[in-house]
Amino acid sequence: MARKIIAGNWKMNHTFKEGTKLIEALHRFYNSENPQHVEVVIAPPFIHIPMGATLSANSRVTIAGQNCSEHEAGAYTGEVSAAMLASAGAEAVIIGHSERRALFNESNDQLKAKLKQSWANGLMPIFCVGEQLEQRQANKHFDTVKAQIDGVLAHFDADTLENLIIAYEPVWAIGTGEVATAEQAQEMHSFIRKHLAEKYHAVLADEISLLYGGSLKPANAKELFSQPDVDGGLIGGASLNYDSFTELIKIGEEVLR
Ligand code: PGA
């Protein structure tokens, strides 16, 4: 069975002081609620990672990067390597978020190299896929997601992919308040699972966690998390706030199975 995961992607939000306060508060919540079914992942900006990892030591909260360099090391000003993330205490990393693809022109070749770096350094990648609005309107959403998966993951074998989480984030639903319906999410998640079963094997397809992302909030989480192929969420806006993120963890704990 796939792991159930509530992951917060802070993007470029929260100063160091605000981030420290939020992670401290999330730990107090986590220790008192002690969720048994869901795992919590927090992906703060790079500079918060050592603080987040120190606060999360000896807890089941995982700290993740939002990105890493495709290079191992060297003259790449402004970049952060997977080895650095791991050495600072991160255990996971988001790869191929639609904002990275669109705003920083990340290509399949770069994403492949980033995945390689993540695995080589013991990080669990959260690989993001999702179609643009025009692709959905043209009924090309399945083909788009399939091409994103095959264009990057085809280069790795099934054993490697056991250490992977996939997040389906329809681009039109990210930060827009426009959420995919539970049916649309379920339909795509089930498509991804079937595709992985055909390409690799059924055990991998069953065990890989498939997260939904895009305007997830407490008001719509119950319905989305109740879908059989939705194993959790990758949450942007609602992860920045203590009340909404802890509410999402509570809903996940109650509904995700
Ligand atoms: P959102 O972002 O929840 O603010 O829509 C989700 C994401 O980009 O991961």
Side-chain angles (χ1 to χ4, degrees), residues 4-14 18-19 22 26 38-46 48-49 52 62-68 90 92-106 111 114-115 118 123-133 135-136 141 144-145 148-149 152 164-182 184-185 188-189 192 209-225 227 230-252 255-256:
K4 309 303 173 198
I5 295 165
I6 302 289
N9 171 15
W10 288 7
K11 309 191 181 182
M12 198 173 75
N13 292 293
H14 286 329
E18 291 161 350
L22 181 53
L26 289 173
V38 292
E39 293 172 43
V40 175
V41 176
I42 305 170
F46 286 140
H48 299 54
I49 285 179
T62 297
I63 297 296
Q66 297 174 13
N67 175 40
C68 69
V93 60
I94 299 172
I95 300 289
H97 188 280
S98 63
E99 285 152 17
R100 301 286 325 166
R101 293 177 191 255
L103 304 173
F104 302 95
N105 296 319
E106 291 190 352
L111 299 182
K114 286 173 189 237
L115 285 174
S118 312
L123 298 173
M124 165 77 88
I126 303 175
F127 178 62
C128 302
V129 296
E131 80 283 359
Q132 313 267 347
L133 183 60
Q135 292 163 327
R136 178 161 283 267
H141 42 298
T144 303
V145 167
Q148 287 171 333
I149 290 177
V152 177
L164 179 74
I165 294 167
I166 295 181
Y168 168 58
E169 301 202 301
V171 179
W172 47 271
I174 296 180
T176 58
E178 189 80 39
V179 66
T181 64
Q184 286 171 325
M188 183 60 84
H189 284 220
I192 294 172
S209 297
L210 301 181
L211 312 185
Y212 168 79
S215 298
L216 239 175
K217 47 182 178 286
N220 55 35
K222 203 165 186 168
E223 220 193 329
L224 284 154
F225 290 167
Q227 303 306 310
V230 175
D231 301 309
L234 180 57
I235 299 132
S239 74
L240 295 173
N241 171 279
Y242 173 85
D243 289 339
S244 49
F245 194 56
T246 52
E247 194 53 35
L248 284 163
I249 297 170
K250 280 190 208 160
I251 298 171
V255 178
L256 288 168

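Counting convention: from 1, in listed order, for ligands and their atoms alike.
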* **Residue, atom name and distance, where the atom is the protein heavy atom closest to atom 7 (C) of ligand 1** => Glu169 OE2, 3.1 Å
* Can you pull out the closest protein heavy atom to atom 4 (O) of ligand 1? Residue, atom name and distance to 0.1 Å, please. =>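 The protein heavy atom lying closest is Gly237 N, 2.8 Å.
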Number the atoms of ligand 1 from 1 as they appear, then name those within less than 4.0 Å of a heavy atom of [X], with their elements.
X: Ala173; value: 5 (O)
X: Gly214; value: 5 (O)
X: Asn9; value: 9 (O)

* Asked: Under the criterion side chain to side chain contact (heavy atoms under 4.5 Å, CB included), which of Asn67, Ile165, Leu234 is the partner of Ile94?
  ->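 Of all the options given, the one that passes is Leu234.
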* To do: Would you give the length of the straight line joining atom CD of Gln184 to atom OH of Tyr212, rounded to the nearest 0.5 angstrom?
  =>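 It is 8.0 Å, given to the nearest 0.5 Å.
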* Asked: From Asn220 CG over to Thr181 OG1, what is the distance, rounded to the nearest 0.5 angstrom?
  -> 11.0 Å
Purely on distance, is any nitrogen or oxygen of [X] under 3.5 Å from one on ligand 1?
X: Lys11; result: yes
X: Gly175; result: yes
X: His97; result: yes

Using modelled atom types and a 3.5 Å cut-off, is there a donor and acceptor pairing between side-chain atoms of [X] and backbone atoms of [Y]?
X: Ser215; Y: Gly177; answer: yes
X: Ser239; Y: Phe245; answer: no
X: Arg101; Y: Gly96; answer: yes
X: His97; Y: Val129; answer: no
X: Lys114; Y: Cys68; answer: yes

* To do: Quick one: look at Ile174 and ligand 1, take heavy-atom pairs under 4.0 Å, and tell me if it's side chain, backbone, both or neither.
  =>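 Ile174 to ligand 1: contacts from backbone and side chain alike.
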* Asked: At under 4.0 Å between heavy atoms, which part of Ala238 makes contact with ligand 1: side chain, backbone, both or neither?
  ->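 Ala238 to ligand 1: no contact under 4.0 Å from either part.
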* To do: Please state whether Ser215 comes within less than 4.0 angstrom of ligand 1, counting heavy atoms only.
  => yes
* Asked: Given Gly233, Gly236, Ala167, which one has a non-hydrogen atom that is nearest to atom 1 (P) of ligand 1?
  ->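 Shortest heavy-atom distance from atom 1 (P) of ligand 1: Gly236.
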